[in-house]
There are 2 protein chains.
Amino acid sequence: MEDETFDETSEGSSVGAAQRVFHALSSAPRRKILAYLSASGLTAGEIADRFNMSKPAVSQHLSILETAGLIRREKQGQFVHYSLIENNLVNTLNGFVQEVCPVGRPIKKESQARARAKESP
Amino acid sequence: MEDETFDETSEGSSVGAAQRVFHALSSAPRRKILAYLSASGLTAGEIADRFNMSKPAVSQHLSILETAGLIRREKQGQFVHYSLIENNLVNTLNGFVQEVCPVGRPIKKESQARARAKESP
DNA sequence: AAGGTAATTAGGTAATTGCTTAATTAACGA
DNA sequence: TCGTTAATTAAGCAATTACCTAATTACCTT
């Protein structure tokens, strides 16, 4: 059993990757940050400017997203540049859906339906 | 703009569907419940038996999952039968991934890869 | 109607979250 | 080297969460 997705109730080890990802996604500001980064990489300051929230607060959100493996941090001079790592998000969510809705059926169909809807409006 | 996914920062109305789903998923016990229900419907008691947690605690988790539209509650005599609603989960997660990783590309590919992996081991 | 079981609601508490402001670290430019 | 800007770390606080036990509601059986 190479599960890991649901075993994080057991107190044995640290928090588990899936738990980190789902926790990261449970916050509206953090999802909003992901959405911003999906368009282009941004510095911490540029991200903070888009929120009614102190810079340190945004910085914490960024660190949670980074720990979850959803974004990447790159120091460039005095700026810190953040960008999206799509893979972990897609793998985790998809893995979970596969677990809960056995076989790829539902999400594949939905995904295709949505793709069609976007192509032909 | 019929977004709604990221607008829940605005204090206008109540909590927003996506927020409820993501919050519901941020808890390991709740994800575990969904996994149990993916195999078959269960009564509240049968679910509680699978956890080292009081019945009322499990009941709360069930109510959060129900409010998020992820599970369905059906009273059958003195028992309460719970079962999965796949649609909301799939729609929300997929919608979010579409938002963050534009066009259906990544999750569709991943989904297919995983489906293949399960079919031919 | 009485007693038993299933489940939820109510009330309380310790731990965690999500922010704030102040202090610190690091890099740039004159 | 000094002042400025970018970003994080630190410290503190109000509000929320996640659980518990006790009480309640609903239904079934006799």
Side-chain angles (χ1 to χ4, degrees), chain A residues 6 8-11 14-16 19-34 36-37 40-68 70-83, chain B residues 6-11 14-16 18-34 36-37 40-68 70-83:
Chain A
F6 304 113
E8 32 219 8
T9 304
S10 43
E11 358 100 63
S14 53
V15 180
Q19 175 58 37
R20 276 193 297 272
V21 170
F22 280 110
H23 170 251
L25 293 178
S26 72
S27 145
R30 288 196 286 270
R31 291 198 300 280
K32 203 167 165 181
I33 289 173
L34 292 180
Y36 284 139
L37 291 180
S40 77
L42 294 168
T43 67
E46 289 171 322
I47 295 169
D49 287 345
R50 289 166 163 75
F51 288 90
N52 273 335
M53 203 186 297
S54 70
K55 257 162 104 93
V58 172
S59 189
Q60 268 222 94
H61 285 304
L62 289 169
S63 127
I64 287 168
L65 288 168
E66 195 199 2
T67 299
L70 296 176
I71 64 177
R72 165 180 19 247
R73 203 193 110 99
E74 261 170 305
K75 185 141 201 188
Q76 292 181 0
Q78 76 192 124
F79 296 85
V80 175
H81 204 81
Y82 284 96
S83 58
Chain B
F6 305 113
D7 283 2
E8 31 219 11
T9 304
S10 43
E11 0 98 62
S14 53
V15 180
Q19 174 58 35
R20 275 192 298 270
V21 171
F22 280 110
H23 169 253
L25 293 178
S26 72
S27 144
R30 288 195 286 269
R31 292 198 301 282
K32 204 167 164 183
I33 290 173
L34 292 180
Y36 284 138
L37 292 180
S40 76
L42 294 169
T43 67
E46 289 170 324
I47 295 168
D49 287 346
R50 289 164 163 76
F51 287 90
N52 273 336
M53 201 186 295
S54 70
K55 257 161 104 91
V58 173
S59 189
Q60 270 221 93
H61 285 303
L62 288 170
S63 127
I64 287 168
L65 288 168
E66 194 198 2
T67 299
L70 296 177
I71 65 177
R72 163 180 23 244
R73 202 193 111 98
E74 259 170 306
K75 187 145 199 187
Q76 292 182 0
Q78 75 192 125
F79 296 86
V80 175
H81 203 82
Y82 284 97
S83 58

Within this structure, what is the [atom1]-to-[atom2] distance between [X] and [N], rounded to whole angstrom?
X: B:Ile64; N: D:dT17; atom1: CD1; atom2: P; value: 8 Å
X: B:Gln76; N: C:dA6; atom1: CD; atom2: P; value: 15 Å
X: B:Phe79; N: D:dC27; atom1: CZ; atom2: P; value: 13 Å
X: B:Leu65; N: D:dA18; atom1: CG; atom2: C1'; value: 14 Å
X: B:Tyr82; N: C:dA7; atom1: OH; atom2: P; value: 9 Å
X: A:Ile47; N: D:dA7; atom1: CD1; atom2: P; value: 9 Å
X: A:Arg73; N: D:dT9; atom1: CZ; atom2: C1'; value: 12 Å
X: B:Gln78; N: C:dT8; atom1: CD; atom2: C1'; value: 14 Å

Nearest-nucleotide comparison on DNA chain C, the residue closer to the 5′ end among B:Val80 and A:Gly77: B:Val80
If I compare all heavy atoms of [X] with all of [Y], which pair ends up nearest, and what's the gap?
X: A:Ala68; Y: A:Arg20; value: CB-O, 3.6 Å
X: A:Pro29; Y: A:Phe51; value: O-CZ, 3.6 Å
X: A:His61; Y: A:Ser27; value: CE1-OG, 3.9 Å

Inter-axis angle, terminal five-pair segments of the helix from C:dA1-D:dT30 to C:dA30-D:dT1 [nearest 10°]: 20°
When all nucleic acid strands are considered with a 4.0 Å heavy-atom cut-off, which category describes [X]: base, sugar-phosphate, or nothing?
X: A:Ala57; result: base
X: B:Ser27; result: nothing
X: B:Thr43; result: sugar-phosphate

Contact under 4.0 Å: A:Ser54 side-chain N or O vs C:dT20 OP1/OP2: yes
Short side-chain N/O contact to D:dT8 OP1/OP2 from A:Ser59, under 4.0 Å: yes
Could you please name the option among [options] that lies closest to any side-chain atom of [X]?
X: A:Met53; options: D:dC19, C:dC19, C:dG18; answer: C:dC19
X: B:Lys55; options: C:dT17, D:dT17, C:dT8; answer: C:dT8
X: A:His61; options: C:dG18, C:dC19, C:dT9; answer: C:dC19

Polar side-chain atom of B:Ser63 near backbone of B:Ser59 as donor-acceptor pair, under 3.5 Å: no
Backbone of B:His23 reached by a side-chain donor or acceptor of B:Arg30 within 3.5 Å: yes
Option from A:Ile33, A:Ile71, A:Leu37, A:Val80 for which side chain to side chain contact (heavy atoms under 4.5 Å, CB included) with A:Leu42 holds: A:Leu37
A:Arg50/A:Lys32 under side-chain contact (heavy atoms from CB on, under 4.5 Å): CA gap, chis, key distance, verdict: CA-CA 10 Å; A:Arg50 289 166 163 75; A:Lys32 203 167 165 181; over 6 Å; no
